[in-house]
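First up is the structure itself, then whatever we jot down about it.
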Amino acid sequence: MYAAESFDFIHVRSMLHGVKDLPSFFRNVWRLLRPGGLFLAMDGRLTTWDEERREILYKEEGRPEFSWFRKMIYHMIETIKARNPTAEVLDRITESLQGMGDDIWEKVERFDLYLPVGNFDSPIMSPGERLGGKLFTENMSRLPESIRPMLLSSGLTPEEVDRLTLELRAELKEPRIKQFSLFIYTWATKK
């Protein structure tokens with residue numbers, strides 16, 4: 001569709017979980033970039049983390065550390081994995097780009113951003129993370145409506161999705177546990 005070396009900058013955001021052949025996708029990105037061009041990928045890791053940056057595993061309702069946000073994320077990832085088994089590799093994008101060979105990229109780097117899920121404060125958060133968390137929380141309160149078909153296809157009933165939406169909004173206002181969502185930013189400069 002586009003000639004080789006057509007772009008100085010290619011940015012993909014929250015879409016790599018839908019790409020079934022990441023090596024081919026990355027080779028095509030490289031082909032489209034001019035020398036010195038920049039590729040930037042941002043994707044959220046579909047899980048949550050505690051203040052020590054340990055993964056919080058999914059718990060069923062009624063168990064300690066149960067989270068409505070985590071329940072929504074669990075159903076999202078299960079649906080995504082059913083459609084695209086390669087969605088599991090999103091936390092290894094940096095390594096995938098580095099593995100393309102030494103003559104491909106001048107530099108490949110990664111930055112991890114942890115944003116709070118809900119309105120709470122933590123000594124480990126910077127002012128930027130606090131602001132980002134507030135904006136993220138507002139966005140997450142709207143997410144269940146936009147992914148309703150995905151949640152229904154995961155096996156939840158309409159009533160369960162409605163309850164999840166209400167409970168999630170309440171949890172975001174007054175979290176019972178402190179949890180963070182991880183966004184991985186990876187960038188690479190073409191040689």
Side-chain angles (χ1 to χ4, degrees), residues 8-19 22 25-26 29 37-59 65-81 84 87-98 107-148 150-151 161 164-189:
D8 292 315
F9 182 70
I10 296 175
H11 175 214
V12 297
R13 182 173 168 214
S14 298
M15 56 76 65
L16 290 175
H17 60 271
V19 177
L22 284 172
F25 177 80
F26 292 145
V29 165
L38 182 67
F39 171 57
L40 172 62
M42 188 286 293
D43 236 301
R45 182 83 195 284
L46 295 176
T47 189
T48 57
W49 311 87
D50 66 17
E51 289 184 285
E52 284 77 40
R53 305 303 192 232
R54 294 177 303 219
E55 184 174 358
I56 300 172
L57 300 177
Y58 175 66
K59 309 275 192 314
E65 295 190 351
F66 169 77
S67 160
W68 290 98
F69 180 80
R70 188 71 180 97
K71 180 175 182 159
M72 179 184 67
I73 295 296
Y74 171 81
H75 284 284
M76 284 175 62
I77 193 64
E78 290 302 310
T79 303
I80 290 168
K81 285 189 322 190
N84 182 9
E88 288 278 323
V89 302
L90 290 180
D91 59 330
R92 295 190 302 274
I93 293 169
T94 308
E95 294 81 3
S96 297
L97 290 169
Q98 290 168 334
K107 174 172 39 170
V108 178
E109 297 187 67
R110 171 180 167 158
F111 174 75
D112 292 349
L113 175 64
Y114 290 88
L115 292 176
V117 178
N119 293 316
F120 67 86
D121 197 11
S122 171
I124 66 168
M125 290 190 300
S126 70
E129 290 169 326
R130 284 183 185 90
L131 176 59
K134 182 177 181 178
L135 298 171
F136 177 67
T137 295
E138 287 177 22
N139 191 36
M140 287 301 99
S141 71
R142 297 180 188 101
L143 185 62
E145 285 94 359
S146 64
I147 64 166
R148 186 177 182 85
M150 178 187 283
L151 294 172
V161 174
L164 173 66
T165 301
L166 291 172
E167 297 286 358
L168 172 65
R169 286 185 179 142
E171 178 179 275
L172 291 172
K173 288 179 183 170
E174 295 184 32
R176 288 175 281 152
I177 63 170
K178 291 183 178 181
Q179 58 186 334
F180 296 81
S181 190
L182 170 61
F183 292 89
I184 301 169
Y185 293 81
T186 302
W187 60 94
T189 306

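Remember, predicted model here, so these are calculated numbers, not experimental data.
- In this structure, Glu167 does not pair ionically with Arg176, as no charged nitrogen and carboxylate oxygen lie closer than 4.0 Å.
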- Item | Trace of the side-chain contact (heavy atoms from CB on, under 4.5 Å) decision for Leu40 with Arg13 | CA-CA 8 Å; Leu40 172 62; Arg13 182 173 168 214; over 6 Å; no
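- Here the side chain of Lys178 pairs a donor or acceptor atom with the backbone of Asp121 at under 3.5 angstrom.
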- Take Phe25 and Val12 through the test side-chain contact (heavy atoms from CB on, under 4.5 Å) and record every step on the way to the result. CA-CA 11 Å; Phe25 177 80; Val12 297; 3.8 Å; yes
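- Residues Ile177 and Ser67 form a side-chain contact, since some pair of their non-hydrogen atoms from C-beta on lies under 4.5 Å apart.
- Remark: Tyr185 OH to Met42 CE distance equals 5.0 Å, nearest 0.5 Å.
- Side chains of Tyr114 and Ile124 form no contact here, defined as non-hydrogen atoms less than 4.5 Å apart.
- Trp68 CH2 to Leu172 CG: the interatomic distance, rounded to the nearest 0.5 Å, is 12.5 Å.
- Using cut-offs of 30° and 60° for the angle between ring planes, the Tyr58 and His75 rings count as perpendicular.
- For Ser181 and Arg45, the side-chain atoms include no donor-acceptor pair closer than 3.5 Å.
- Once rounded to the nearest 0.5 Å, the distance linking CG of Leu57 with CD of Glu65 reads 9.5 Å.
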- Item | Derivation of the side-chain contact (heavy atoms from CB on, under 4.5 Å) call for Ile56 and Thr47 | CA-CA 7 Å; Ile56 300 172; Thr47 189; 5.9 Å; no
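- Residues Asp43 and His17 meet the side-chain proximity criterion, which asks for heavy atoms closer than 4.5 Å.
- At least one side-chain heavy atom of Met76 sits under 4.5 Å from a side-chain heavy atom of Leu143.
- Side chain of Arg142 to main chain of Glu138: a donor-acceptor pair is present (N/O by atom type, distance under 3.5 Å, no hydrogens or angles).
- Side-chain atoms of Glu171 and Lys71, non-hydrogen and from C-beta on, never get closer than 4.5 Å to each other.
- Among all heavy-atom pairs drawn from Arg110 and Ile184, the shortest one is NH2-CD1, 3.5 Å.
- Judged purely by atom type and a 3.5 angstrom limit, Arg169 uses its side chain to pair as donor or acceptor with the backbone of Ser141.
- Under the 3.5 Å distance criterion, the side-chain polar atoms of Ser122 are left unmatched by any main-chain donor or acceptor of Met125.
- Atom OG1 of Thr48 and atom CG of Leu115 lie 13.0 Å apart (nearest 0.5 Å).
- One finds no salt bridge joining Glu145 and Arg148 here, because no Lys/Arg side-chain nitrogen approaches an Asp/Glu carboxylate oxygen to under 4.0 Å.
- With a 4.5 Å cut-off on side-chain heavy atoms, Pro144 and Leu168 count as touching.
- For the pair Gly44 and Phe183, the tightest heavy-atom approach, listed with the atom from each and the gap, is CA-CD2, 3.7 Å.
- Partner of Phe180 under the ring pair (Phe, Tyr, Trp, His ring centres under 6.0 Å) criterion, out of Phe69, Phe120, Phe136: Phe120 alone.
- Here the straight-line distance linking atom CG of Leu16 with atom CD1 of Ile93 works out to 4.5 Å at 0.5 Å rounding.
- Within the 4.5 Å cutoff, the side chain of Leu38 has no heavy atoms near those of the Asp8 side chain.
- Judged by distance alone, with hydrogens and angles left aside, the side-chain atoms of Asn84 form a donor-acceptor pair with the main-chain N or O of Val19 at under 3.5 Å.
- For His11 against Phe9, the heavy-atom pair with the smallest separation is CB-CE2, 3.5 Å.
- Of all heavy-atom pairs spanning Pro116 and Thr137, the tightest one is O-OG1, 3.8 Å.
- With a 4.5 Å cut-off on side-chain heavy atoms, Val108 and Thr186 count as touching.
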- Could you go step by step and tell me if Ile147 and Met72 meet the side-chain contact (heavy atoms from CB on, under 4.5 Å) rule? CA-CA 10 Å; Ile147 64 166; Met72 179 184 67; 3.9 Å; yes
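- Separation of atoms CG (Leu46) and OG1 (Thr79) is listed at 10.5 Å; rounding is to 0.5 Å.
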